[in-house]
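Input: a single structure, listed below in structure tokens.
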Amino acid sequence: MAEPSQFTPAAERVRLATRAASEIEALATLLRNQTRDDPEGAAWRSILRRISRLACVQLSALDDEVDTVESITARFDESEQ
Amino acid sequence: MAERRHVPSDDQSLTKGRPTVDTASAAMLVESLAVHVRALREHVQESDQVRLEALVAGLGPVLESVAHSDDPADVALPVMQARALLEMLEDSLPCDSSAARQLVLQSIASMQALLGVPGPERAIYEDAEEPKRPPAVARSKGDPRIRLASSANYEVMLLSDLLLRHVAANDPGAEIAAIARGVLTRIHTLSDIIFEAVIQDGAEREDLDTLQRKLGEKVR
């Protein structure tokens, strides 16, 4: 018999979102590495780096145990520069 | 820490049919695992980190052998090697409940699934220690953390769309374009999952089963 989920629905939503954000971060990094040798890929890499950082901002925002809202906001603003 | 799981050498699943591993997905999984293992740096000593990265580096050629073997008999040895490497990797992970460790366990489970490891032997994500964390509280749109996640998510969606359009307009036939389309489409889907999971509220948002399915998780 399947075990019932160990999370409340709200916590399960946060877990799913966290997992999705982690995958975004990994995929953006992967694609950035794939275009490393492409001399015309600088713009690409810059956007992919930004996506990676935004995914990290999401991960921090979804985890109450790490970082304050202020520090996450600072990182978010930093990634816009 | 996860219980040690031995793979019996007479395991029939090693030779019963060829695992469906293609070169591209094997490379992508190894790269993804490498990214997650690198993120463990802050949680382990340098010598342990070297060992973990060496194990991941060893997986690349082994999985390539699996992908290139046409004969099911030839595939048994590299499959066994890959399973053993994954098992060693799992046993070498730090004993904590960090998000970095969870991600490595997730990647290991994906590879084990690809290699046909029977379900109960896998380092299943659900088995990981995440339940020990205090459950998150229900949040509303007014929560500053959700507002931040929402803004970041919106940008991720815009940027992935922008790159997708760029790929379609410039090098649609190139190999890298094909990879990029796949990756960016998945990023867009993941972004949508985040929106539906924690940003959207009310009756319009997707139910949990649908979100789990979209993520590729087994729906209980």
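Below, chains carry the letters A, B, ... as their sequence lines are ordered, and counting in each starts from 1. No experiment lies behind these values; they were computed from the predicted model shown.
- To the nearest 0.5 Å, atoms CG (L163(B)) and CD1 (I47(A)) are separated by 4.5 Å.
- Distance CG/L27(A) to OG1/T185(B): 11.0 Å, rounded to 0.5 Å.
- For D192(B), no part sits under 4.5 Å from any heavy atom of chain A, backbone or side chain.
- Of the residues considered (I193(B), I179(B), V183(B), T189(B)), V183(B) shows the highest number of contacts with chain A, using heavy-atom pairs under 4.5 Å.
- The shortest side-chain heavy-atom distance between I194(B) and L16(A) does not fall under the 4.5 Å cut-off.
- Remark: E25(A) CD to H36(B) NE2 distance equals 7.5 Å, nearest 0.5 Å.
- Side chain of R145(B) to backbone of D63(A): a donor-acceptor contact under 3.5 angstrom is found.
- Of the N and O atoms on the side chains of E31(B) and Q34(A), not one donor lies less than 3.5 Å from an acceptor on the other residue.
- Nearest heavy atoms, P9(A) versus L208(B): CA-CD1, 4.0 Å.
- Remark: D209(B) CG to E12(A) CD distance equals 9.5 Å, nearest 0.5 Å.
- Contact annotation: the side chain of L54(A) approaches that of L159(B) to within less than 4.5 Å [non-hydrogen atoms, C-beta and beyond].
- Taken to the nearest 0.5 Å, the CD1 atom of I51(A) stands 9.0 Å off from the OG atom of S191(B).
- With contacts defined as side-chain heavy-atom distances shorter than 4.5 Å, the pair I187(B)/L31(A) does not qualify.
- Taking the charged nitrogens against the carboxylate oxygens, E155(B) and R50(A) do have a contact shorter than 4.0 Å, which makes a salt bridge.
- Taking every heavy atom of both residues into account, F76(A) and S151(B) meet most closely at CZ-CB, 3.7 Å.
- Residues L215(B) and E23(A) have side chains in contact (heavy-atom distance under 4.5 Å, counting atoms from C-beta outward).
- Residues V35(B) and L30(A) are not in side-chain contact: their nearest non-hydrogen atoms beyond the backbone lie 4.5 Å or more apart.
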(request) Give the intermediate values and the outcome of salt bridge (Lys or Arg N to Asp or Glu O under 4.0 Å) for residues R15(A) and E217(B). (result) CA-CA 12 Å; R15(A) 184 187 73 79; E217(B) 287 189 352; 2.8 Å; yes
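- Taken from CH2 in W44(A) to CG in L162(B), the straight-line distance is 10.5 Å, to the nearest 0.5 Å.
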